[in-house]
K.L.:
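Pasting a structure below so you can have a look.
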Number of protein chains: 2
Amino acid sequence: MAGRPREFDRDAALEAAMLLFWRKGFAGASMNDLCDAMGVRSPSLYAAFESKEALYLAAFQHYATTEGQAVWDKLADGATARAGVENLLLAAAGNLPKSRTAPAGCMVALSAVSDEWPASITREVRKVRLELLDSLCARLAAAVASGELPGATDVAALSRFYLSVFQGMAIQAKDGATQADLKGAAEAAMAAWPGDGG
Amino acid sequence: MAGRPREFDRDAALEAAMLLFWRKGFAGASMNDLCDAMGVRSPSLYAAFESKEALYLAAFQHYATTEGQAVWDKLADGATARAGVENLLLAAAGNLPKSRTAPAGCMVALSAVSDEWPASITREVRKVRLELLDSLCARLAAAVASGELPGATDVAALSRFYLSVFQGMAIQAKDGATQADLKGAAEAAMAAWPGDGG
DNA sequence: GATATTCTGTGTCGATCATTACAGAATAGG
DNA sequence: CCTATTCTGTAATGATCGACACAGAATATC
C-alpha cells in the first residue's frame with residue numbers, strides 16, 4: 001500500500017482513548033482531551049477512527065473484549081453455577097474499584113445511563129448489557145437442567161438479581177467503595193442462592 | 001419587597017427542570033432545552049436559579065425530597081427490618097420503570113457516574129448515595145439490636161448488598177426492564193436475608 | 001405620582017465543541 | 001527519479017454551549 005506510514009500505534013491510541021472514556025464518559029472526554037491522551041493530532045485521529053462516536057464504539061468494544069471479558073469469563077469458572085456466579089461477583093469486587101492502572105467502575109454497566117448519549121452508543125451499550133443478562137440466564141438454565149437448581153427456579157428473575165448486584169457494585173466503586181466493601185456485598189448476595197440456608 | 005413580580009411559578013419551573021435533568025443528565029440538558037421545558041427565558045432563569053450548576057443542585061434536592069423520599073420511606077414501613085427492606089425494593093420495582101409521568105431510573109442512583117460532571121454535583125450526589133447506605137445500615141443495626149438479626153450479622157456488607165440491588169435495578173429500568181422484571185429481582189434479593197431458608 | 005427595584009425579552013458575548021481545508025512531508029509502485 | 005497516495009501539523013470552520021448586557025415593563029414604597 002502506498003502513502004506515508006502512520007506514525008502512531010493504533011492499538012495503543014485506542015487503549016488510551018478507552019481509559020479516558022472509561023473515566024470521563026462520552027461527553028466528558030473532548031476531542032482535545034482525547035488527542036492529548038492518545039498523543040495524536042485530530043486529523044490523524046479522524047483518519048484512523050472516523051468520528052468521535054465511532055471512536056467511542058471502538059473503545060467500548062475494546063473494553064468489552066478485554067477488561068469486561070476478564071471478569072465475565074469467571075462465570076464459566078467452577079464446577080457449579082453457584083461457584084461461577086460467586087467467582088464472577090468476587091472478580092468484580094476485585095476489579096471495579098479504582099486501581100493504579102484502571103479507573104473505577106465499569107464501562108458496560110455505567111455507560112449511557114442518561115439520554116445525553118448518541119443513540120448508536122446507547123443501543124450498543126444496552127445490547128451488551130442485555131448480553132450479560134443472557135449469559136447469566138444461560139448459566140442458570142444449565143444449572144436447572146443439570147439438577148443443580150430446582151426445576152421451579154425463576155431463572156430470569158435470579159439472573160436479573162445477580163446482574164443488578166454487579167451493576168450496583170459498579171456504582172459503589174465509583175463512589176469509592178473498596179475491594180473489601182464490594183467483597184462483603186458479593187458474599188451477602190450469594191446467600192440468596194436457592195437452597196442455601198441463612 | 002419592591003420590583004416587578006415574577007411571571008412564572010418557581011416550583012413548577014423547578015419540577016420541569018427536574019424532569020429534564022432526570023431524563024437527560026446534566027450535560028445532556030442544555031440551557032436552551034431547560035428554558036423551553038421550564039417556559040422561561042434564560043435571564044429570568046439565571047435570576048431565579050443563579051447558574052446551571054445551582055439549578056441542577058436545586059432540581060436534585062427536589063427529586064431527593066419527593067420522588068426519592070417516597071421510595072426510601074418504605075424502608076421504615078413494616079414491623080420488621082426484613083419487611084422494610086422488602087417494601088423498599090418492591091417500591092423501587094414499581095417506581096423505577098418509565099411511566100406516563102416519570103422517566104425511567106433514579107436521579108440519585110444514576111447521576112454523576114462519570115467524571116464529566118461538575119465537582120460540586122458529584123460531591124452532593126455521592127453524599128446522598130452514602131446517606132442511603134447509612135439509612136440501610138441504621139435499619140439493619142436496629143434489627144440486630146432488637147434481636148431480629150443475629151448478633152454476628154455483617155450490617156455494613158448486608159447494607160451495601162441491598163443498596164447495590166437497588167442501584168442495579170435503576171440501571172435495568174433505564175434499559176427497559178418492566179415492573180414485573182424488577183419485582184422478580186427484588187424477590188430474589190430477599191432470599192439473601194440472614195436466616196431465611198432457600 | 002415619583003422613584004427605586006425587580007422582572008422580561010432581544011440579542012449577543014467569548015469559549016468550547018466536533019470536524020475539516022489545506023499544505024507540506026513521507027512512503028510505495030513504476 | 002517521478003508520481004500517486006497517505007499521513008502529519010497548522011489553522012480555521014460553523015455550531016452550540018453557558019452566561020449576560022441592555023433596555024423596556026411592571027410593581028412596591030414613599
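Numbers restart at 1 for each chain; the letters A, B, ... are given by sequence-line order, proteins then strands.
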K.L.:
Is the phosphate of dT19(C), meaning OP1 or OP2, less than 4.0 Å from a side-chain N or O of Ser42(A)?
P.N.:
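No, outside the criterion.
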K.L.:
Output one letter per nucleotide in nucleotides 13-18 of chain C: B when a protein non-hydrogen atom lies under 4.0 Å from the base, S when only the sugar-phosphate is that close, - when neither is.
P.N.:
----SS
K.L.:
Which pairs, protein N/O on one side and nucleotides 21-25 of chain D N/O on the other, fall under 3.5 Å?
P.N.:
unit_1  : atom_1 : unit_2  : atom_2 : d
dG24(D) : N2     : Arg4(B) : NH1    : 3.2
dA25(D) : N3     : Arg4(B) : NH1    : 3.3

K.L.:
Could you state the atom-to-atom distance from CZ of Phe49(A) to C1' of dC7(D) in whole Å?
P.N.:
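Answer to the nearest Å: 14 Å.
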K.L.:
Are any of the side-chain heavy atoms of Ile121(A) and Phe26(A) separated by less than 4.5 Å?
P.N.:
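A side-chain contact under 4.5 Å exists here.
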K.L.:
Would the distance check show the side chain of Gln172(A) and the main-chain N or O of Leu182(A) forming a donor-acceptor pair, the cut-off being under 3.5 Å?
P.N.:
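Answer holds: no.
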K.L.:
Give the rounded distance in Å between these two atoms: OH of Tyr56(B) and C1' of dC17(D).
P.N.:
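Answer to the nearest Å: 18 Å.
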K.L.:
Rounded to whole Å, please give me the gap between CZ in Phe8(A) and C1' in dG9(D).
P.N.:
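Those two atoms, CZ and C1', are 13 Å apart.
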K.L.:
Check each of Trp22(A), Phe21(A), Phe49(A) against Tyr56(A) using the ring-ring contact (aromatic ring centres under 6.0 Å, His included) test, and report the only one that passes.
P.N.:
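Of Trp22(A), Phe21(A), Phe49(A), ring-ring contact (aromatic ring centres under 6.0 Å, His included) with Tyr56(A) is met by Phe21(A) alone.
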K.L.:
Does Thr80(B) offer a backbone N or O that forms a donor-acceptor pair with the side chain of Arg139(B) under 3.5 Å?
P.N.:
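Side chain of Arg139(B) to backbone of Thr80(B): a pair is present.
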K.L.:
To the nearest Å, how far apart are Glu116(A) CD and dG18(D) P?
P.N.:
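Atom CD in Glu116(A) sits about 11 Å away from atom P in dG18(D).
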K.L.:
Spell out, as yes or no, whether a donor-acceptor pair under 3.5 Å connects the side chain of Glu86(A) to the backbone of Met190(A).
P.N.:
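It does not hold such a pair.
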K.L.:
Whether Ser44(A) contacts dT8(D) is assessed here as follows: a side-chain N or O lying under 4.0 Å from the phosphate OP1 or OP2. Is that the case?
P.N.:
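Ser44(A) to dT8(D) OP1/OP2: side-chain N or O found under 4.0 Å.
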K.L.:
Side-chain contact test, heavy atoms from C-beta onward, threshold under 4.5 Å: evaluate it for Arg129(A) versus Leu133(A) and give yes or no.
P.N.:
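The answer is no, as the side chains (C-beta and beyond) never meet within the 4.5 Å cut-off.
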K.L.:
Can you check the Arg41(B) CZ to dG11(C) P distance for me, whole Å?
P.N.:
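Computing the Arg41(B):CZ to dG11(C):P distance gives 11 Å.
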K.L.:
Main chain of Ala29(A), side chain of Lys52(A): is a donor-acceptor contact present, judged purely on distance under 3.5 Å?
P.N.:
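Yes; judged by distance alone, with no hydrogens or angles, the pair exists.
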K.L.:
CG of Asp36(B) versus C1' of dT16(D): gap in Å, rounded?
P.N.:
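That distance rounds to 14 Å.
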K.L.:
Indicate the ring-plane relationship of Phe166(A) and Trp72(A), choosing parallel, tilted or perpendicular according to the 30° and 60° boundaries.
P.N.:
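Perpendicular, since the angle between the ring planes exceeds 60°.
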K.L.:
For Met38(B) and dC7(C), what is the distance between atoms CE and C1' respectively, to the nearest whole Å?
P.N.:
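Taking CE of Met38(B) and C1' of dC7(C), I get 15 Å after rounding.
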K.L.:
Whole-Å distance between dA28(C) C1' and Arg6(A) CZ?
P.N.:
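Going from CZ in Arg6(A) over to C1' in dA28(C) covers 16 Å.
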K.L.:
Does the side chain of Glu116(B) come under 3.5 Å of the side chain of Ser114(B) through a donor N or O and an acceptor N or O?
P.N.:
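Result is yes, a qualifying pair exists.
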